[in-house]
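Everything on this sheet refers to the single structure shown next.
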Amino acid sequence: MPSIHAASQAPNQFVDVAGRRLAYRVLGDGIPMVLCLRFRGVMDDWDPAFLDGLAEQGFRVHLFDYSGLGHSSGQPTYDPASLARDTLDLIGALELDKVVLCGWSIGGVAAQLVHLQAPQLLSHLVLIGTTPPGRLVKTAEPLFYELAARENDFEDFVHLFFEPASDASRDAAARSAARIAERTEGRCTPVPHAWAAALLGEGPRNPAFPLDIALDALKRTTIPILHIGGDHDIIFPVENWYALNRSLPTLTLLTYPSAGHGPQLQHPEASARHIAAFVKG
């Protein structure tokens, strides 16, 4: 892979929708894909190697900042319904059709709401390190609520998104952090950690995504669904997807060993290849 990734140089673009301006970037050419961000994430928090890998696999990749965050204007919120509205508005404004919708963490919750509201817009649903709707067999670890509420250093990055007990995962974290830091021009304003912390709540909730009609939609869908997870996700444990394995007719599960909440950070090229094989297969 080149030392400087194309994704690190993708220009910021803007589209006006419903009284706000959404910032987005595009790279690659081919099958349209839209990426929905994690909690406290901005466009710069996607690993450039993952984005470049998707482009190399034949996707036209669209990433964006939610309203009021990063480079986007509007009222900031982590209400999943609002995040889904941002996603739908971007798809409509860019006149995209039959997209591969990919959501990471809370972005995966937003993506599931888009699936509930407008399944006709989607060809495939790709979920990364997120939660299904409904009651959980395993909740988040309290450590997440501590780390997500403060300004983070590299050690926090490891504990949030990787497997700190694994030397290989720690090495992958260092490489990913270096790639994410590559961009020097047009970087997004970070999400204020104190503001985000006020929205977190005091600890794990069960369910984390209390919407039965969203679960019913997953049970009835004909749209192929892929979930990519790590075997030790402190935020949205992958065990909750395996508990639904026989209930969701189109669900494929991919779980990386010795990995955490950011499996596509630890395995960027492999994750891109798996997604491409899932979509094209």
Side-chain angles (χ1 to χ4, degrees), residues 1 5-8 10 24-38 41 43 45-64 87 90-91 94 96-112 114-115 119 121-132 161-162 169 172 175-176 179-180 218 221-231 233 236 238 241-242 244-245 248-281:
M1 297 293 291
H5 295 80
S8 299
Y24 69 99
R25 298 172 187 161
V26 183
L27 67 153
D29 193 21
I31 301 169
M33 172 180 281
V34 175
L35 305 183
C36 301
L37 274 161
R38 64 168 172 85
M43 289 189 287
D45 291 307
W46 290 106
D47 191 314
F50 175 61
L51 300 179
D52 285 353
L54 291 170
E56 290 165 4
Q57 291 294 328
F59 294 102
R60 182 167 176 80
V61 184
H62 304 75
L63 53 152
F64 71 102
T87 308
L90 182 78
I91 290 172
L94 300 183
L96 304 177
D97 188 31
K98 292 299 181 183
V99 304
V100 177
L101 184 60
C102 177
W104 176 22
S105 190
I106 198 170
V109 175
Q112 291 175 70
V114 172
H115 169 263
L121 296 178
L122 309 184
S123 67
H124 297 75
L125 183 61
V126 177
L127 305 172
I128 301 175
T130 191
T131 184
F161 303 114
F162 295 82
S169 186
R175 292 192 297 272
S176 181
R179 292 189 298 264
I180 289 170
L218 296 180
T221 192
T222 59
I223 294 171
I225 302 169
L226 170 66
H227 182 272
I228 302 176
D231 64 352
D233 188 328
F236 291 134
V238 73
W241 288 101
Y242 282 95
L244 292 170
N245 199 31
L248 306 185
T250 66
L251 176 66
T252 297
L253 297 173
L254 169 64
T255 304
Y256 287 111
S258 299
H261 186 56
Q264 84 287 6
L265 306 179
Q266 184 163 332
H267 301 285
E269 295 90 354
S271 295
R273 290 195 298 268
H274 279 298
I275 292 170
F278 169 74
V279 171
K280 297 173 184 178

Could you go through Ile223 and Thr250, starting from their C-alpha distance and side-chain angles, then the distance that decides it, and tell me whether this counts as side-chain contact (heavy atoms from CB on, under 4.5 Å)? CA-CA 7 Å; Ile223 294 171; Thr250 66; 5.6 Å; no
Testing Leu248, Thr252, Leu218 for side chain to side chain contact (heavy atoms under 4.5 Å, CB included) with Ile225, which one passes?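 Exactly one candidate clears the test, Leu218.
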Atom of [X], atom of [Y] and distance for their closest heavy-atom approach:
{"X": "Leu54", "Y": "Ala272", "value": "N-CB, 3.6 Å"}
{"X": "Gln112", "Y": "Pro132", "value": "OE1-CA, 4.1 Å"}
{"X": "Ser169", "Y": "Phe162", "value": "OG-CB, 3.2 Å"}
{"X": "Gly107", "Y": "Cys36", "value": "O-CB, 3.5 Å"}
{"X": "Ser271", "Y": "Pro263", "value": "OG-O, 3.9 Å"}
{"X": "Leu27", "Y": "Ala7", "value": "CD1-CB, 3.9 Å"}

Using modelled atom types and a 3.5 Å cut-off, is there a donor and acceptor pairing between side-chain atoms of [X] and backbone atoms of [Y]?
{"X": "Gln266", "Y": "Phe161", "answer": "no"}
{"X": "Ser176", "Y": "Ala172", "answer": "no"}
{"X": "Arg60", "Y": "Gly30", "answer": "no"}
{"X": "Trp104", "Y": "His261", "answer": "yes"}

Hey, could you give me the [atom1]/[atom2] distance between [X] and [Y], rounded to the nearest 0.5 Å?
{"X": "Ile31", "Y": "Lys98", "atom1": "CD1", "atom2": "NZ", "result": "13.5 Å"}
{"X": "Cys102", "Y": "Leu125", "atom1": "SG", "atom2": "CG", "result": "8.5 Å"}
{"X": "Asp52", "Y": "Trp46", "atom1": "CG", "atom2": "CH2", "result": "14.0 Å"}
{"X": "Arg38", "Y": "Asp45", "atom1": "CZ", "atom2": "CG", "result": "4.5 Å"}
{"X": "Gln264", "Y": "Ile228", "atom1": "CD", "atom2": "CD1", "result": "7.5 Å"}
{"X": "His5", "Y": "Ile180", "atom1": "NE2", "atom2": "CD1", "result": "11.0 Å"}

Exactly one of Phe278, Trp241, Tyr256 should register a ring pair (Phe, Tyr, Trp, His ring centres under 6.0 Å) with His227. Which one does?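 When Phe278, Trp241, Tyr256 are each tested with His227, the ring pair (Phe, Tyr, Trp, His ring centres under 6.0 Å) holds only for Trp241.
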Within a strict 4.5 Å, meaning less than it, do heavy atoms of the [X] and [Y] side chains meet?
{"X": "Glu269", "Y": "Glu56", "answer": "no"}
{"X": "Ile275", "Y": "Gln57", "answer": "no"}
{"X": "His124", "Y": "Leu226", "answer": "no"}

CA sep, side-chain torsions, deciding dist, call: Leu35, Leu51, side-chain contact (heavy atoms from CB on, under 4.5 Å): CA-CA 10 Å; Leu35 305 183; Leu51 300 179; 3.4 Å; yes
How far apart are the C-alpha atoms of Val238 and Leu253, what are their side-chain angles, what is the distance that settles it, and do they pass the side-chain contact (heavy atoms from CB on, under 4.5 Å) test? CA-CA 9 Å; Val238 73; Leu253 297 173; 5.7 Å; no
Given side-chain contact (heavy atoms from CB on, under 4.5 Å), test Val26 with Val61 step by step and report yes or no. CA-CA 5 Å; Val26 183; Val61 184; over 6 Å; no
